[in-house]
Structures are given as structure tokens and as C-alpha cells.
A.B. asks: 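Quick one: the structure is below, and I'll ask about it shortly.
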Amino acid sequence: MRAEANRRDRMTPHERRIAMERGEETDRIPVIPFIGEISGRLVGISSREYWHDAAKMVEAELAAFTRLGHDELSLGPNTCGILESLGGTVVYPEEGMPYFDGAYLKDYRMLDEMEPASAANAERLLFFREAMERMKEAADGIVDVAPSIGGPFTIAANLRGVEQFLRDLRKEPEQVQRLLRLVTDTMKNCVDMVAPFADGIRLADPVASPALISPRYFRELVYPYLVEIMEYAEEKTGKRPSLHICGNTKKVWEYFREMPIRAISLDNIMDLGEAKEALGDRMTIVGNLPPVECLLEGSEETLREEIRRETDLAKGSPKGYISASGCDVPYNTDFKKLDIWMDEVRAMAGL
């Protein structure tokens, strides 16, 4: 199966992305709904099958693209895959989103026996490499493929247990640094693995939110590791990565401006107009439809109004704007809501 652009569009997603980066006119604003396992419903597979059968995963992603014509595909390994590769446990329900099953790193002395995971020593990562290879073959030149590799702070936190990890920031800072070093080196190995098939890299570091840690901890324990992996990803793929951090991130926007970020994905509680003024000259603004209020529970009228409102706020941003969900699209979202989203964006552009 080969990816094909939507007939209502005048450009392929790949062409649209290049034009936006050049500051040229595009046929419509790009759209990236953060979907994953919910695409499996289109081809009759469970959430668990989606995450364990590379061929079916790609089939589901292509089915979603054929229906929507959205602007980027992503397959992982994400936080879950990398956590598994380092020994953690992830539960994959038949229906629903994956979740972490308790802390793996009970004692920091376990780090003495651990080494960075890679495709050479972690079978779980090979699954994602196979999926990426299949997807790139099907989508190349039509729609970009940008694997998500999670974020160092979030992966480390879930290996240790989030609450315990946050306490460790004060009580065992040296051990926290050791763990972050292991995770970051693993993420760099993942970049090496996916780079031949990637048009970019997505980073998502939700536990690094200022709702959970102070700006000081962000500067000391989040910033350096994110910058390291961003620079490495740019070196290997030729493109700066995108970044998503949940919650109100305004307290660390000054650090965002210093980081090599291509596009910043904002939680739905953030004001796109403020982000455009503060960050828009440095990076593309991405966001930020409310996943629950609009996509899961909202009416068609509410959804269309919010799309127009957010577009008005973000229009004219110097590095461009991408309409996206403020976080992952909930598993039980009716796919018709995504159809409405794409229809409204196309209608605003006269397509």
C-alpha cells in the first residue's frame, strides 16, 4: 500500500512542509492530530495488536492517512518502547492506551549492571525499526515520517517511579544524573536506528512540565539532556526536532528560545497568541485543540469554532503554524471528529 495525498489538497504534506519552512504560501495550514493506536480501529485491530505487529501498525497509519490526509506520521519507539528496552514494563490493553506497570529501578545500584539499550541488544527496538522501514517505503515523498523518542526526564522518571524520582532530585541528585545519562545515551542509539527512515524526530517530555518541577530543575536536569539529544538528532537527520511538554510551560519559554527546536507543541491550556509573540520568531507554533472538550466530547459546532479561533490567534506566526491537538487524541474519540477537523481546515482555505 502506497500513501496518496488527499484529492481536496493542492499540495502533498511533504510539499506543504517544505513550502512553510521556506516562508512560501501553502494551500492550507498543516494538521497533525496526535493519534496512534486509535488508527487500528480503521483496519479492525486491537490496541495491543497495533503495538506488536509492525505490518498492521503501518497498515493502520496508512488507513488513517488515506482517510484524513494529515501532515505527519509517527510510530515510536516513544517513551513506552524505550522504557521497555531498558527493562521497564508496559501494559498494552486490548482496547485503550498503553500504561506503565510500576517502577523498574527499585535501587540505583541496578545502574551498575545496566547499559544503554540499542537495536543490537534490545529486541523491542527492532520492532520499531521494522515499522519505520515499512512506513518510509510507503510514505516517502508524500508525507513525512517523524518517529517519537520520548524525553530523557520522562523516561527516567517512569523507570524509577515518578513520585520517587521527583523526590530524588533533591535527595540523590548524583544518581538522577547517572540515570539521565543512561536514558539519553539510549535515546541517541534510537536516533541512530531510525535516522535512515526519518524526516524528523519528535520529542515529548511531559514530566518535565513546570507543573511538576521548578524552572531551576528544568535548567539543570532537563535542558542539557534535551539539547544534547536535539543537537544529535539534527546532526543525524538534518532537521531540528519538535518538542511537546504538557501543562503551562510559560515559565521555561526563555529556555525554549535557546534550544534547537523546529516546532513547539503546546498544551491546550496555553494561549497561542502569546506563544506566537514569545516564540514564533524561533520555531513553528503547534497546537492546541482540547483533546477532551473538543475532540472527545465536543459538538461539531464547538470543534469548528475552536479550530477557527486558534487559527486566528496563531496566523502570521513568522515560522508558521500547525493545527494540532493539545495532547494525545483520546482513545474513544469518534474518528468523524477528525474528519470534521480536516474538513474545516480545508474549508477555511477554500479547498
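Along the sequence shown, residues carry numbers from 1.
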A.B. asks: Determine whether a donor-acceptor pair (N or O, by modelled atom type, separation under 3.5 Å) exists between the side chain of Ser214 and the backbone of Tyr217.
C.D. replies: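 A pair under 3.5 Å: yes.
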
A.B. asks: Side chains of Tyr223 and Glu258: do they bring a donor and an acceptor to under 3.5 Å?
C.D. replies: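 The criterion, which ignores hydrogens and geometry beyond distance, is satisfied for Glu258 and Tyr223.
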
A.B. asks: Side chains of Thr186 and Val183, heavy atoms from C-beta outward: is any pair under 4.5 Å?
C.D. replies: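 A side-chain contact is absent here, since even the closest heavy-atom pair is not under 4.5 Å.
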
A.B. asks: Within this structure, what is the CD-NZ distance for the pair Glu49 and Lys56, rounded to the nearest 0.5 Å?
C.D. replies: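 So the gap between those two atoms works out to 4.0 Å.
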
A.B. asks: Under 4.5 Å side-chain heavy-atom separation, chaining through any Ile, Leu, Val, Met, Phe, Trp or Tyr, what else clusters with Ile32? Say none if it is isolated.
C.D. replies: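 Members besides Ile32, by chain and number: Met20, Phe34, Val286, Ile322.
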
A.B. asks: Do Asp343 and Arg8 meet the salt-bridge criterion of a basic N to acidic O distance under 4.0 Å?
C.D. replies: yes

A.B. asks: Going by heavy atoms in the side chains, are Tyr108 and Leu105 under 4.5 Å from each other?
C.D. replies: yes

A.B. asks: Under 4.0 Å between a side-chain nitrogen and a carboxylate oxygen: does that hold for Arg216 and Glu220?
C.D. replies: yes

A.B. asks: Where do Lys276 and Gly316 come nearest, in terms of heavy atoms and distance?
C.D. replies: CD-C, 4.2 Å

A.B. asks: For Tyr321 and Lys315: C-alpha separation, side-chain torsions, deciding distance, then whether side-chain contact (heavy atoms from CB on, under 4.5 Å) applies.
C.D. replies: CA-CA 7 Å; Tyr321 165 63; Lys315 67 182 178 183; over 6 Å; no

A.B. asks: Quick one: does any side-chain atom of Asp267 pair with a main-chain N or O of Gly247 as donor and acceptor, under 3.5 Å?
C.D. replies: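 Looks like yes, one N/O pair under 3.5 Å.
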
A.B. asks: Would you indicate whether Glu305, at its atom CD, is surrounded by more than 12 heavy atoms from other residues, nucleotides or ligands within a distance under 6.0 Å?
C.D. replies: yes

A.B. asks: Would you call Arg28-Asp71 a salt bridge at under 4.0 Å N-O?
C.D. replies: yes

A.B. asks: Do the rings of Tyr92 and His52 sit parallel, tilted or perpendicular, given the 30° and 60° boundaries?
C.D. replies: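 Rings of Tyr92 and His52: perpendicular, over 60°.
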
A.B. asks: What distance separates Leu226 CG from Phe256 CZ, expressed to the nearest 0.5 Å?
C.D. replies: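 It comes to 8.5 Å.
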
A.B. asks: Taking side chain as C-beta onward, heavy atoms only, is Leu279 less than 4.5 Å from Glu254?
C.D. replies: no

A.B. asks: What closest approach, in Å, do Leu68 and Met342 show between heavy atoms, and which atom pair accounts for it?
C.D. replies: O-CE, 3.5 Å

A.B. asks: Between the side chains of Glu137 and Arg134, is the shortest nitrogen-to-carboxylate-oxygen separation below 4.0 Å, so that they form an ion pair?
C.D. replies: no

A.B. asks: Closer than 3.5 angstrom, by distance alone: can the side chain of Thr12 be matched with the main-chain N or O of Ala5 as a donor-acceptor pair?
C.D. replies: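 Absent.
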
A.B. asks: So, Glu310 side chain and Asn288 main chain: donor-acceptor pair closer than 3.5 Å or not?
C.D. replies: yes

A.B. asks: Taking C-beta and beyond as the side chain, do Lys319 and Asp281 meet within less than 4.5 Å on heavy atoms?
C.D. replies: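 Side chain of Lys319 against side chain of Asp281, heavy atoms only: no contact under 4.5 Å found.
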
A.B. asks: Can you name the nearest heavy-atom pair linking Ser317 to Gly280, along with the distance?
C.D. replies: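 Minimum heavy-atom separation between Ser317 and Gly280: OG-CA, 3.5 Å.
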
A.B. asks: What are the two closest non-hydrogen atoms of Leu86 and Glu115, and how far apart are they?
C.D. replies: CD2-O, 3.9 Å

A.B. asks: Give the cluster check for Ile35 versus Met1: same hydrophobic cluster or not, with ILVMFWY residues linked at side-chain heavy-atom distances below 4.5 Å.
C.D. replies: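 Ile35 clusters together with Met1.
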
A.B. asks: Are any of the side-chain nitrogens in Asp199 or Lys239 under 4.0 Å away from the carboxylate oxygens of its partner?
C.D. replies: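 A salt bridge is absent here (no side-chain N lies under 4.0 Å from a carboxylate O).
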
A.B. asks: Measure the CD1-OG1 distance between Ile264 and Thr249 for me, rounded to the nearest 0.5 Å.
C.D. replies: 6.0 Å

A.B. asks: For the pair Thr333 (side chain) and Pro330 (backbone), establish whether a donor and an acceptor sit closer than 3.5 Å, ignoring hydrogens and angles.
C.D. replies: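 Looks like yes, one N/O pair under 3.5 Å.
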
A.B. asks: Hydrophobic clustering (ILVMFWY, side-chain heavy atoms < 4.5 Å, transitive) - are Val176 and Val227 grouped together?
C.D. replies: yes

A.B. asks: Assess whether side-chain contact (heavy atoms from CB on, under 4.5 Å) is satisfied between Leu111 and Gln175, documenting all intermediate values.
C.D. replies: CA-CA 9 Å; Leu111 291 175; Gln175 300 297 344; 4.3 Å; yes

A.B. asks: Return the CG to CD distance between Asp144 and Glu72, rounded to the nearest 0.5 Å.
C.D. replies: 6.5 Å

A.B. asks: Does Ser85 offer a backbone N or O that forms a donor-acceptor pair with the side chain of Arg124 under 3.5 Å?
C.D. replies: no

A.B. asks: If you round to the nearest 0.5 Å, how far is CG of Leu179 from CG of Asp168?
C.D. replies: 9.0 Å

A.B. asks: Could you go step by step and tell me if Thr184 and Lys188 meet the side-chain contact (heavy atoms from CB on, under 4.5 Å) rule?
C.D. replies: CA-CA 6 Å; Thr184 301; Lys188 290 167 77 172; 4.3 Å; yes

A.B. asks: Is there side-chain contact between Ile201 and Val194, with heavy atoms separated by less than 4.5 Å?
C.D. replies: yes

A.B. asks: Test: ring pair (Phe, Tyr, Trp, His ring centres under 6.0 Å). Region: residues 140-177. Which pairs qualify, not counting sequence neighbours?
C.D. replies: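 Those involving residues 140-177 are Phe153-Phe165.
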
A.B. asks: Is there a continuous path of hydrophobic side-chain contacts, each under 4.5 Å between heavy atoms, that joins Tyr99 to Val162?
C.D. replies: no

A.B. asks: Salt bridge or not between Asp185 and Arg181? Use side-chain N to carboxylate O under 4.0 Å.
C.D. replies: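 Result for this pair is yes, salt bridge flagged.
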
A.B. asks: For atom CD of Glu25, is the number of surrounding heavy atoms from other residues, nucleotides or ligands below 6.0 Å larger than 12?
C.D. replies: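 No, the 6.0 Å shell around CD holds no more than 12 heavy atoms from other groups.
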
A.B. asks: Would a single hydrophobic cluster contain both Ile269 and Ile285, if residues Ile, Leu, Val, Met, Phe, Trp and Tyr are joined by side-chain heavy-atom contacts under 4.5 Å?
C.D. replies: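 Yes.
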
A.B. asks: Using a strict 4.0 Å threshold on nitrogen-to-oxygen distance, state whether Glu300 and Lys337 make a salt bridge.
C.D. replies: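 Answer for the salt bridge query: no.
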
A.B. asks: Between Arg48 and Pro93 (side chain of the first, backbone of the second, donor and acceptor by atom type, cut-off under 3.5 Å), is there such a pair?
C.D. replies: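 Side chain of Arg48 to backbone of Pro93, a donor-acceptor pair under 3.5 Å: no, none is there.
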
A.B. asks: Would you find a donor on one side and an acceptor on the other, under 3.5 Å apart, between the side chain of Asp101 and the backbone of Val91?
C.D. replies: no

A.B. asks: Which atom names give the shortest non-hydrogen contact between Thr302 and Cys294, and what distance separates them?
C.D. replies: CG2-SG, 4.2 Å

A.B. asks: Distance only, no hydrogens: is a donor on one side chain within 3.5 Å (strictly under) of an acceptor on the other, for Tyr225 and Gln177?
C.D. replies: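 Yes, side-chain donor-acceptor contact under 3.5 Å.
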
A.B. asks: Run the numbers on Ser325 and Trp341 for side chain to side chain donor-acceptor pair (under 3.5 Å), then give the verdict.
C.D. replies: CA-CA 10 Å; Ser325 44; Trp341 184 359; over 6 Å; no

A.B. asks: Measure across His244 and Cys327 and return the closest heavy-atom pair with its distance rounded to 0.1 Å.
C.D. replies: NE2-SG, 4.3 Å

A.B. asks: Please tell me whether Leu180 and Met110 are part of a single hydrophobic cluster in this structure, the criterion being side-chain heavy atoms less than 4.5 Å apart.
C.D. replies: yes

A.B. asks: Among residues at least two apart in sequence or on other chains, which ones pass side chain to side chain contact (heavy atoms under 4.5 Å, CB included) with Phe100?
C.D. replies: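 If we apply the side chain to side chain contact (heavy atoms under 4.5 Å, CB included) test to Phe100, skipping adjacent residues, the hits are Thr79, Cys80, Leu83, Val90, Asn158.
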
A.B. asks: Before accepting this row, confirm whether a basic side-chain N of the pair Asp107/Arg109 lies closer than 4.0 Å to the acidic partner's carboxylate O.
C.D. replies: yes

A.B. asks: Are Glu95 and Tyr331 linked by a side-chain donor-acceptor pair shorter than 3.5 Å?
C.D. replies: yes

A.B. asks: For the pair Arg304 (side chain) and Ser299 (backbone), establish whether a donor and an acceptor sit closer than 3.5 Å, ignoring hydrogens and angles.
C.D. replies: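 Flag not set: sc Arg304 to bb Ser299 has no pair under 3.5 Å.
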
A.B. asks: In Å and rounded to the nearest 0.5 Å, what is the CD to CG distance from Glu344 to Leu303?
C.D. replies: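 Output value for this atom pair is 8.0 Å.
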
A.B. asks: Treating Arg262 as the side-chain partner and Pro241 as the backbone partner, does any N or O pair qualify as donor plus acceptor under 3.5 Å?
C.D. replies: no

A.B. asks: Taking NZ, NE, NH1 and NH2 as the nitrogens, is one of them in Lys250 or Glu274 under 4.0 Å from a carboxylate oxygen of the other?
C.D. replies: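 Yes, Lys250 and Glu274 are salt-bridged.
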
